[in-house]
Amino acid sequence: MCLSTAYKNEISEDTAIMNNVMEVECSENQVILIDLMGRRCTVEGSLLKASLTDGYVILKTE
């Protein structure tokens, strides 16, 4: 199973949004992150880059 950490705009401790992300849904100007425990986090923005092998998702936000 590949779990990822989601970040805003760049990878750093200060920009981490959610750990153990297992699902990402994109629509219009929103990204919905769902973690291993089923918790949801909705972020205004778009998907910038994701690497499932390296375990990260970067979202472009304002």
Side-chain angles (χ1 to χ4, degrees):
M1 182 184 316
C2 294
L3 298 175
S4 299
T5 300
Y7 300 92
K8 288 183 180 180
N9 300 315
E10 64 182 2
I11 297 175
S12 78
E13 285 184 28
D14 296 333
T15 62
I17 302 168
M18 179 181 267
N19 295 316
N20 299 318
V21 174
M22 66 173 196
E23 190 172 331
V24 179
E25 299 174 7
C26 300
S27 66
E28 300 283 322
N29 193 33
Q30 288 186 336
V31 179
I32 300 168
L33 306 169
I34 304 168
D35 75 3
L36 188 59
M37 302 303 288
R39 292 177 289 230
R40 300 169 83 85
C41 176
T42 302
V43 179
E44 295 291 325
S46 60
L47 180 65
L48 181 63
K49 183 177 182 179
S51 175
L52 302 180
T53 56
D54 291 330
Y56 68 82
V57 175
I58 303 174
L59 304 179
K60 182 176 174 69
T61 64
E62 304 253 342

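The structure places OG1 of T42 at 8.5 Å from CD1 of I34, a figure rounded to the nearest 0.5 Å. Distance check, rounded to the nearest 0.5 Å: CD1 of I32 to SG of C41 gives 10.0 Å. Distance check, rounded to the nearest 0.5 Å: CG of N29 to NZ of K60 gives 11.0 Å. Atom OG1 in T5 sits 11.0 Å away from atom CD1 in I58 (nearest 0.5 Å).
For S4 against S51, the heavy-atom pair with the smallest separation is OG-O, 4.4 Å. Residue K8 comes nearest to I17 through the heavy atom pair CG-CD1, 3.3 Å, listed as atom of the first residue, atom of the second, then distance. A pairwise comparison of heavy atoms in L47 and C26 identifies CB-SG, 4.1 Å as the closest pair. The shortest heavy-atom contact between M22 and L36 is SD-CA, 4.0 Å.
Linking Ile, Leu, Val, Met, Phe, Trp and Tyr whenever their side-chain heavy atoms come within less than 4.5 Å leaves V21 and Y56 in two separate clusters. In the hydrophobic clustering of this structure, V24 does not group with L48; members are Ile, Leu, Val, Met, Phe, Trp, Tyr whose side-chain heavy atoms approach within less than 4.5 Å, directly or through other members. Cluster membership for Y7 and M18, using ILVMFWY side-chain heavy atoms within less than 4.5 angstrom, is not shared.
D35 places a side-chain N or O within 3.5 Å of a backbone atom of M37 that can act as its donor or acceptor partner. In this structure, T15 contributes its side chain and E10 its backbone to a donor-acceptor pair below 3.5 Å.
L33 places a side-chain heavy atom less than 4.5 Å from the side chain of L59.
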Using the side-chain contact (heavy atoms from CB on, under 4.5 Å) rule, take E25 and V31 through it: C-alpha gap first, then chi angles, then the decisive distance, then the call.
CA-CA 6 Å; E25 299 174 7; V31 179; over 6 Å; no

